[in-house]
Amino acid sequence: MSELKALEDWVAPLLDRLSDSERRKLAVTVAKSLRASNVASMRAQQSPDGDPWAPRKQPKRNLRGAIRSQAQRKAGMQMFTGMRSAGYLKAQGSTSDAVVGFVARVQRIARVHHFGLPDRVKVGGPVYQYPERELLGITAPQIEHVRDLIIAHVGR
């Protein structure tokens, strides 16, 4: 977090020189860049810092009750395919901030998985302790990329 504070202290005088519309454009650019890098890490099934997620627990039986083969269990391993779409993972920018976050009901589901909280599998169903899978975050290379985006935008 000290890197973020250092970036904030460094960028404040530069942002003061920009108009409101230029700051908004820069914030949207930064938010979209951070969203893209977080989507890439979600697609790779790893946290933003590169640690692999705990694998998804696969049921041994299908919906009809028949035992599934190992190949059938591996076929559905990709997690959060819908949640990482632009409809649910929003990148927004304003004159004062750039925000990347989940919306609506997906926000609750993302929080449960991000922090590894207990939750009901379905309404009225059993409670399951989900493993921690960090969905969103910012790393040192991303901070450097944000710094480069700011320099490029201010240098125009």
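Source: prediction; values computed, not measured.
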Does atom OH of Tyr88 have more than 12 heavy-atom neighbours from other groups under 6.0 Å away?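 Check fails, neighbour count at 12 or below.
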Determine, stepwise, if the pair Leu89 / Arg35 fulfils side-chain contact (heavy atoms from CB on, under 4.5 Å). CA-CA 8 Å; Leu89 182 57; Arg35 180 193 177 282; 4.1 Å; yes
Where the side chain of Asp49 meets the backbone of Thr139, is there a donor-acceptor pair that is under 3.5 Å apart?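 No, Asp49 side chain to Thr139 backbone: no donor-acceptor pair under 3.5 Å.
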Donor-acceptor pair, side chain of Arg24 and main chain of Gly93, under 3.5 angstrom: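 No, Arg24 side chain to Gly93 backbone: no donor-acceptor pair under 3.5 Å.
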At their closest point, which heavy atom of [X] faces which heavy atom of [Y], and how far apart are they?
| X | Y | value |
| --- | --- | --- |
| Ala98 | Ala27 | CB-O, 3.4 Å |
| Val127 | Arg120 | CG2-NH1, 3.6 Å |
| Gln129 | Leu117 | NE2-C, 3.7 Å |
| Tyr130 | Val121 | OH-CA, 3.9 Å |
| Arg84 | Gln78 | NH1-OE1, 3.3 Å |
| Ala110 | Met83 | CB-CE, 3.5 Å |

For Thr29 and His153, which I'm curious about, is there any donor-acceptor pair between the side chains at under 3.5 Å?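 Looking only at side-chain atoms, His153 and Thr29 do not form any donor-acceptor pair under 3.5 Å.
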Can Gln142 and Ser37 be counted as having a side-chain donor-acceptor contact under 3.5 angstrom?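 There is such a pair (donor and acceptor under 3.5 Å, judged by atom type) between the side chains of Gln142 and Ser37.
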Between atom [atom1] of [X] and atom [atom2] of [Y], what is the distance when rounded to the nearest 0.5 Å?
| X | Y | atom1 | atom2 | result |
| --- | --- | --- | --- | --- |
| Met79 | Trp53 | CE | CH2 | 5.5 Å |
| Asp51 | Ser41 | CG | OG | 11.0 Å |
| Ile143 | Ile138 | CD1 | CD1 | 5.0 Å |
| Lys32 | Lys90 | NZ | NZ | 11.0 Å |
| Thr95 | Leu18 | OG1 | CG | 11.5 Å |
| Arg23 | Arg17 | CZ | CZ | 12.5 Å |

Please determine if Lys5 and Asp9 form a salt bridge, counting it only when a charged side-chain N lies under 4.0 Å from a carboxylate O.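 Judged by the 4.0 Å cut-off on N to carboxylate O distance, Lys5 and Asp9 do form a salt bridge.
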Between Arg147 and Glu144, does any NZ, NE, NH1 or NH2 come within less than 4.0 Å of an OD or OE carboxylate oxygen?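 Looking at Arg147 together with Glu144, the answer is yes, because their closest N to O distance falls below 4.0 Å.
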Heavy-atom side-chain proximity of Phe102 to Leu136 below 4.5 angstrom: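 Yes. Closest side-chain heavy atoms under 4.5 Å.
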Would you check if Tyr128 and Pro118 make a side-chain contact, meaning some heavy-atom pair closer than 4.5 Å?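 No - every pair of side-chain heavy atoms lies 4.5 Å or more apart.
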Applying side-chain contact (heavy atoms from CB on, under 4.5 Å), run through Val146 and Ser33 and close with a yes or a no. CA-CA 8 Å; Val146 168; Ser33 172; 5.7 Å; no
Could you walk me through whether Leu135 and Phe80 pass the side-chain contact (heavy atoms from CB on, under 4.5 Å) check? CA-CA 9 Å; Leu135 301 175; Phe80 309 120; 3.6 Å; yes
Transitively linked via ILVMFWY side-chain contacts under 4.5 Å: [X] with [Y]?
| X | Y | result |
| --- | --- | --- |
| Val106 | Phe115 | no |
| Val99 | Leu34 | no |
| Val11 | Val28 | no |

Provide the full list of side-chain hydrogen bond (donor to acceptor under 3.5 Å, both in side chains) pairs with a residue in residues 100-117, sequence neighbours left out, each pair given once.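 Residue pairs with at least one partner in residues 100-117: Arg108-Asp119, His113-Arg133.
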